[in-house]
Amino acid sequence: MIDIEIVRKNPDKIREMLVARNMQTELVDQFLAVDEDWRKLTSQLDEARALQNKLSSEKKIEEAKKNKEIIKDKESEIAQIEGRRYELILEFPNIPFGDVLKGKDESENKSIKTVGDIPKFDFEPKDHLDIGEALDIIDTKTASQVSGSRFAYLKKQGALLEFALIQYALNLLVKEGFEAVVPPVMIKPDVYKKMGRLSENQKEERFYLEKDDVYLVGSAEHTMGPLGMDKVFKEEDLPKRYVGFSTCFRREAGSYGKDVKGILRVHQFDKVEMYSFSHPEKSEEEHMFLLSMQEKIWGGLDIPYRVVEICTGDMGPTDARQFDIEAWVPSQKTYREVASCSNTTDYQTRGIGAKIKVGDKNQYVHALNATGIVIGRTIIAILENNQQEDGSVLIPKALQKYTGFEIIENSFGTN
RNA sequence: GGAAGGUUGGCAGAGUGGUCUAACGCGCCGCACUUGAAAUGCGGUAUCCCGGAAACGGGAUCGGAGGUUCGAAUCCUCCACCUUCCGCCA
């Protein structure tokens, strides 16, 4: 969550920020009004309690009985306002760094680096679903009957490719010193809110299990961040880098068009994720490190990609700065997002209470998250970029030791 | 899912209704003594909220949430977690 102090002392800066993010600014005044009431009531309650402590120690029992009623009234009044105040503060997104690219939406993001040559085909390249169905490694038809639209079976070499990708990314990152973790995929609402991932807008995107009052995570990030919950890090602990693997669940409400086809945008996918806690003064450096890890991963796959700087209007709500990696998708003749890399500064750590002692004062550490490798979209990129005229697909060299095969051909029912 | 025991400050650990602004100890920080160190002595040593430029003042917190009481670490209820046992399961 955002620092309440900044909203109080610098509301104009916050309004500016909301405008830059294409959000409504009345949130600021709504919050300030509630906060004002809350503060007034809080000091009234504190006074009443101070009096109660005094009366009680002086054994003025009758007076204390009367005063107790006043305390009770104030408490119930405050409870309401406090709840409202908390809900409102959760709606504020993080404040972008001052030098973040200004822009209203996706169209104003800026490509800052392009790597690899776009493949030229001397035949008409097919899209990933056509390739995957012909090879019998992707099955969305059965999945839609079993689970509904936007689910898929990965089969045969497709399934094996998933495990190879996971091994590839995991090994690479563990070698770099990341600590491996398999986090829970269910999360309690209050922790989800603390992570800044359950604002009113975001609720639509989540799967919720009512009976147990838990949400399914949209990313391993969501339960990896809480590894730092209520923790005070020592300077020498940082940066603390985790690499996690989890299935991710997303409603993908409101998407349409090309993206409904195949496995580009599905309700369930697996992902390797980096999460890092950094000294507050070194998070920009750490951000670049995580981006370099992503480039190492994508560079190793020999798939053309570009690095994109995300503008203020398109950035995630928790982010102070964001980059995406986009891989070339031949059937769409464009680059599509396959990874993102975010510095959330103290936005999530304030919520979960992850701190470091600097001098004699506690300060929030910074947290960063970055995609390690995402299964569906990476498989799309491999199938489409590495397809051959006969319908077979070549496996990138770096993956071959994990797949055990170099090519996916139609093998009529066997692995 | 069932049963029993537990959860107190950085650690260890006392405390079963007011003397708790939480004992004693260890650790840590500062000062004194010392050529230096050890030992010793003295003082300090949690987090959060509100007000304040600050000094400071007030409030909250003994796993969490409610309750009883003028007053709760202490009594009651529910929940979470830990330990052990039973059941079930991969």
Side-chain angles (χ1 to χ4, degrees), chain A residues 1-11 31-90 92 163 181-196 198 209-215 222-223 225-238 240 245-247 270 277 280 346-365:
Chain A
M1 68 188 74
I2 202 169
D3 186 355
I4 287 175
E5 201 80 348
I6 296 176
V7 186
R8 273 185 202 149
K9 291 193 173 154
N10 225 332
F31 174 79
L32 288 176
V34 172
D35 185 55
E36 183 65 34
D37 287 348
W38 176 82
R39 277 198 285 176
K40 228 179 272 169
L41 282 167
T42 297
S43 63
Q44 286 170 10
L45 178 64
D46 283 353
E47 273 171 39
R49 278 180 173 155
L51 179 62
Q52 190 73 356
N53 289 341
K54 187 163 171 270
L55 292 175
S56 184
S57 70
E58 291 168 359
K59 300 275 192 296
K60 294 183 177 166
I61 292 172
E62 285 310 311
E63 281 176 68
K65 273 184 181 174
K66 280 182 209 153
N67 190 56
K68 191 184 168 185
E69 295 306 312
I70 295 172
I71 291 177
K72 271 190 174 166
D73 289 349
K74 290 284 172 220
E75 277 174 344
S76 67
E77 211 175 330
I78 263 184
Q80 283 189 346
I81 288 192
E82 211 160 39
R84 174 82 182 128
R85 177 174 175 267
Y86 185 58
E87 294 305 322
L88 282 172
I89 199 70
L90 290 178
F92 287 89
F163 297 119
V181 48
V182 180
V185 293
M186 296 185 199
I187 185 168
K188 296 179 184 179
D190 68 307
V191 181
Y192 223 175
K193 284 176 188 168
K194 288 174 178 177
M195 281 293 287
L198 199 62
L209 303 182
E210 195 171 5
K211 192 179 174 201
D212 304 282
D213 192 27
V214 290
Y215 286 87
H222 304 170
T223 40
L227 285 168
M229 195 153 66
D230 299 323
K231 231 183 186 157
V232 182
F233 288 93
K234 296 194 183 89
E235 203 140 340
E236 62 265 30
D237 296 337
L238 300 176
K240 179 71 203 171
F245 165 82
S246 88
T247 300
D270 293 335
F277 293 104
D346 60 1
Y347 188 82
Q348 293 185 317
T349 54
R350 181 174 293 103
I352 60 172
K355 299 173 182 179
I356 181 174
K357 199 147 210 165
V358 178
D360 60 348
K361 266 195 163 169
N362 280 338
Q363 215 178 315
Y364 294 110
V365 297

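Per chain, numbering begins at 1; letters A, B, ... match sequence-line order.
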Nearest-Å distance, [atom1] ([X]) to [atom2] ([N])?
| X | N | atom1 | atom2 | result |
| --- | --- | --- | --- | --- |
| A:Leu55 | B:G18 | CG | C1' | 15 Å |
| A:Arg39 | B:C50 | CZ | P | 7 Å |
| A:Ile4 | B:C50 | CD1 | P | 7 Å |
| A:Tyr364 | B:C48 | OH | P | 7 Å |
| A:Asp190 | B:G64 | CG | P | 14 Å |
| A:Lys66 | B:G71 | NZ | C1' | 18 Å |
| A:Asp230 | B:U61 | CG | P | 18 Å |
| A:Asp3 | B:C49 | CG | P | 9 Å |

Roughly how many Å apart are [M] and [N], using the [atom1] atom of each and rounding to a whole number?
| N | M | atom1 | result |
| --- | --- | --- | --- |
| B:G17 | B:U69 | C1' | 9 Å |
| B:U47 | B:A55 | P | 15 Å |
| B:G44 | B:A22 | P | 12 Å |
| B:C75 | B:A14 | P | 16 Å |
| B:U68 | B:U74 | C1' | 13 Å |
| B:G1 | B:G10 | P | 33 Å |
| B:A54 | B:U40 | C1' | 37 Å |
| B:G15 | B:C24 | C1' | 12 Å |

Spatial distance of atom [atom1] ([X]) from atom [atom2] ([Y]) [nearest 0.5 Å]:
| X | Y | atom1 | atom2 | answer |
| --- | --- | --- | --- | --- |
| A:Ile2 | A:Leu90 | CD1 | CG | 11.5 Å |
| A:Ile78 | A:Asp73 | CD1 | CG | 11.5 Å |
| A:Thr223 | A:Met229 | OG1 | CE | 11.0 Å |
| A:Glu82 | A:Thr42 | CD | OG1 | 6.5 Å |
| A:Tyr347 | A:Met1 | OH | CE | 8.0 Å |
| A:Thr349 | A:Ile356 | OG1 | CD1 | 11.0 Å |

### Query
Among B:C50, B:U68, B:G58, which nucleotide sits nearest the side chain of A:Asp46?
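Looking only at heavy atoms from C-beta outward on A:Asp46, the closest nucleotide is B:G58.
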### Query
Closest to the A:Asn362 side chain: B:C70, B:U47, B:C49?
B:U47
### Task
Over 60° means perpendicular and under 30° means parallel, so classify the ring planes of A:Phe31 and A:Phe92, tilted if in between.
perpendicular
N or O in side chain of [X] less than 4.0 angstrom from [N] OP1/OP2:
| X | N | answer |
| --- | --- | --- |
| A:Asn53 | B:G71 | no |
| A:Lys355 | B:C48 | yes |
| A:Gln52 | B:C70 | no |
| A:Lys60 | B:C70 | no |
| A:Arg49 | B:G58 | no |
| A:Lys59 | B:G18 | no |
| A:Arg8 | B:C50 | yes |
| A:Lys40 | B:G51 | no |
| A:Asn67 | B:C70 | no |

### Query
Which is true for A:Lys65 with a 4.0 Å heavy-atom rule: it touches a base, it touches only sugar-phosphate, or it touches nothing?
sugar-phosphate
### Summary
Nearest-nucleotide check on RNA chain B, A:Leu45 vs A:Arg85; residue mapping nearer the 5' end is A:Arg85
### Task
By nearest nucleotide on RNA chain B, pick out whichever of A:Ala50 and A:Ser43 is the more 5' one.
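On the 5' side of the pair lies A:Ser43.
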Taking only Lys NZ, Arg NE, NH1 and NH2, and the carboxylate oxygens of Asp or Glu, determine whether [X] and [Y] approach each other closer than 4.0 Å.
| X | Y | value |
| --- | --- | --- |
| A:Lys74 | A:Glu47 | no |
| A:Glu58 | A:Lys60 | yes |
| A:Lys66 | A:Glu63 | no |

### Message
Is there, by distance only and without an angle test, a donor paired with an acceptor across the side chain of A:Ser57 and the base of B:G18 below 3.5 Å?
### Response
no
### Message
For Watson-Crick and G-U wobble pairs within 3.5 Å on both distances, what is RNA chain B written in dot-bracket notation, | included for inter-strand pairing?
### Response
((((((((.[[...)..(......]]((((((.......))))))((((((....)))))).[[[[[..)....]]]]])))))))....
